[in-house]
Amino acid sequence: MNRLLAGIAIALSALVLAQAAQKTYRLIVNGQAQASPAIVVGGKTYVPLEALQKAGAQVSLSGNEVRVQFIPVGGQEQAMLLEGKKGEWLSNGTWRLRVLDVTPGTNPFFGSGPGYVVRVEVRNLTSGRLSLHKTGFDGFQLLDNRGNKLVAASFGEQYTDLPQADGVVINLRFGPNPKLEEIGTPDKLLVNFRPSGGKPALRGFRVFLGD
């Protein structure tokens, strides 16, 4: 009963906020447009609880409290990412992936300064045609041994439809953005996916690059 009353109170509060809204924003969560907007009341911006849930928060009602908890990024990595070493095949049931090699390069965002080129091979494990983009691919990230996070320049292969068992080799160009004059040696490559098409996110990959 208390849970029902709390839910009704929250719904009424949401209705009052909606009526008092001074401005609304189209709400995008993990790349997906939401039916309910974000609203501004009294100079503060409010988003629906369901949007927080879709962003990865754990939301619960307890008495007259609403509890919201986000899993730390480190914890998400431990739970979601499949681990392996350079040269090893990793699989999440939809994609097979391996890192072929890592070589020094130029920062692709500035045309000068240090960067790296990472060659990655990706293969389709399903019975249909798929692209990385269609399965919620959310980007590559390269971490060096100094804690720098290097960003990958855009690449067209993420939109390539691959038949069953077919694959593609991608030359990923990484660099720090903002620019750095010095960076460390490559340590890990992270491959992330987000929820897509109403399905949960695929498990991502963490590849250790040290010899």
Side-chain angles (χ1 to χ4, degrees), residues 1-82 92 107-110 131-144 146-155 158-159 174-180 183 188-206:
M1 184 68 177
N2 289 339
R3 190 179 182 88
L4 176 61
L5 291 174
I8 293 173
I10 289 172
L12 290 174
S13 298
L15 180 61
V16 171
L17 283 173
Q19 292 175 339
Q22 299 160 345
K23 188 174 183 179
T24 63
Y25 291 97
R26 183 167 177 252
L27 184 59
I28 309 293
V29 178
N30 291 331
Q32 302 294 318
Q34 304 300 301
S36 301
I39 63 175
V40 178
V41 178
K44 294 183 178 181
T45 303
Y46 297 86
V47 299
L49 282 178
E50 63 182 15
L52 295 180
Q53 290 176 308
K54 291 180 180 179
Q58 296 178 346
V59 179
S60 62
L61 299 175
S62 178
N64 61 350
E65 292 182 339
V66 178
R67 296 175 179 260
V68 180
Q69 181 175 350
F70 283 91
I71 301 173
V73 173
Q76 289 179 332
E77 287 186 4
Q78 292 294 333
M80 293 298 294
L81 299 185
L82 298 159
N92 63 7
N107 189 323
F109 302 102
F110 300 95
S131 68
L132 286 169
H133 176 73
K134 290 178 181 177
T135 55
F137 171 72
D138 200 30
F140 289 101
Q141 189 175 65
L142 182 64
L143 309 182
D144 71 13
R146 298 183 181 181
N148 296 314
K149 297 180 180 180
L150 280 61
V151 184
S154 60
F155 60 98
Q158 65 179 300
Y159 302 105
F174 286 92
N177 191 8
K179 186 178 182 180
L180 296 175
I183 56 178
K188 304 181 192 73
L189 179 73
L190 305 183
V191 187
N192 298 303
F193 293 86
R194 63 179 180 275
S196 178
K199 298 179 181 179
L202 297 175
R203 293 189 69 180
F205 305 104
R206 176 167 47 228

- Those residues at least two apart in sequence (or on a different chain) that pass side-chain contact (heavy atoms from CB on, under 4.5 Å) with Pro48 are Leu27, Ser36, Glu50, Ala51
- Ring geometry between His133 and Tyr159 (parallel below 30°, tilted from 30 to 60°, perpendicular above 60°): tilted
- Hits for side-chain contact (heavy atoms from CB on, under 4.5 Å) against Thr135, two or more places apart or cross-chain, chain-then-number order -> Thr94, Trp95, Leu130, Phe193, Leu202
- Pairing residues for Asp138 by the side-chain contact (heavy atoms from CB on, under 4.5 Å) criterion, not counting sequence neighbours: Asn192, Arg194
- Search all heavy atoms of Asn177 against all heavy atoms of Phe110 and return the closest pair with its distance. OD1-CZ, 3.5 Å
- Query: Asp144: what forms a salt bridge (charged side-chain N to carboxylate O under 4.0 Å, His left out) with it, not counting sequence neighbours?
  - Reply: none
- Closest contact, heavy atoms only, Asn92 versus Arg203: ND2-O, 2.9 Å
- Task: Under the side-chain contact (heavy atoms from CB on, under 4.5 Å) rule, collect the residues that match up with Tyr25, sequence neighbours excluded.
- Result: Lys23, Ala38, Val40
- Query: By ring-ring contact (aromatic ring centres under 6.0 Å, His included), which residues pair with Phe109, not counting sequence neighbours?
  - Reply: none
- Distance from Leu180 atom CG to Asn107 atom CG, nearest 0.5 Å? 8.5 Å
- Message: Using the side chain to side chain donor-acceptor pair (under 3.5 Å) criterion, which residues pair with Lys149? Sequence neighbours excluded.
- Response: none
- Query: Which value, rounded to the nearest 0.5 Å, describes the distance between Leu190 atom CG and Leu143 atom CG?
  - Reply: 4.5 Å
- Query: Considering all heavy atoms of both residues, which atom of Ala33 and which atom of Arg26 are nearest to each other, and what is their separation?
  - Reply: CB-NH2, 3.5 Å
- Heavy-atom distance under 4.5 Å between the side chains of Pro176 and Ile183, does that happen here? yes
- Note on the structure: For Pro37 and Thr24, the nearest pair of non-hydrogen atoms, with its separation, is CB-CB, 4.2 Å
- Task: Evaluate side chain to side chain contact (heavy atoms under 4.5 Å, CB included) for Phe205 paired with Leu189, printing each intermediate quantity in order.
- Result: CA-CA 8 Å; Phe205 305 104; Leu189 179 73; over 6 Å; no
- Note on the structure: Hits for salt bridge (charged side-chain N to carboxylate O under 4.0 Å, His left out) against Lys179, two or more places apart or cross-chain, chain-then-number order -> none
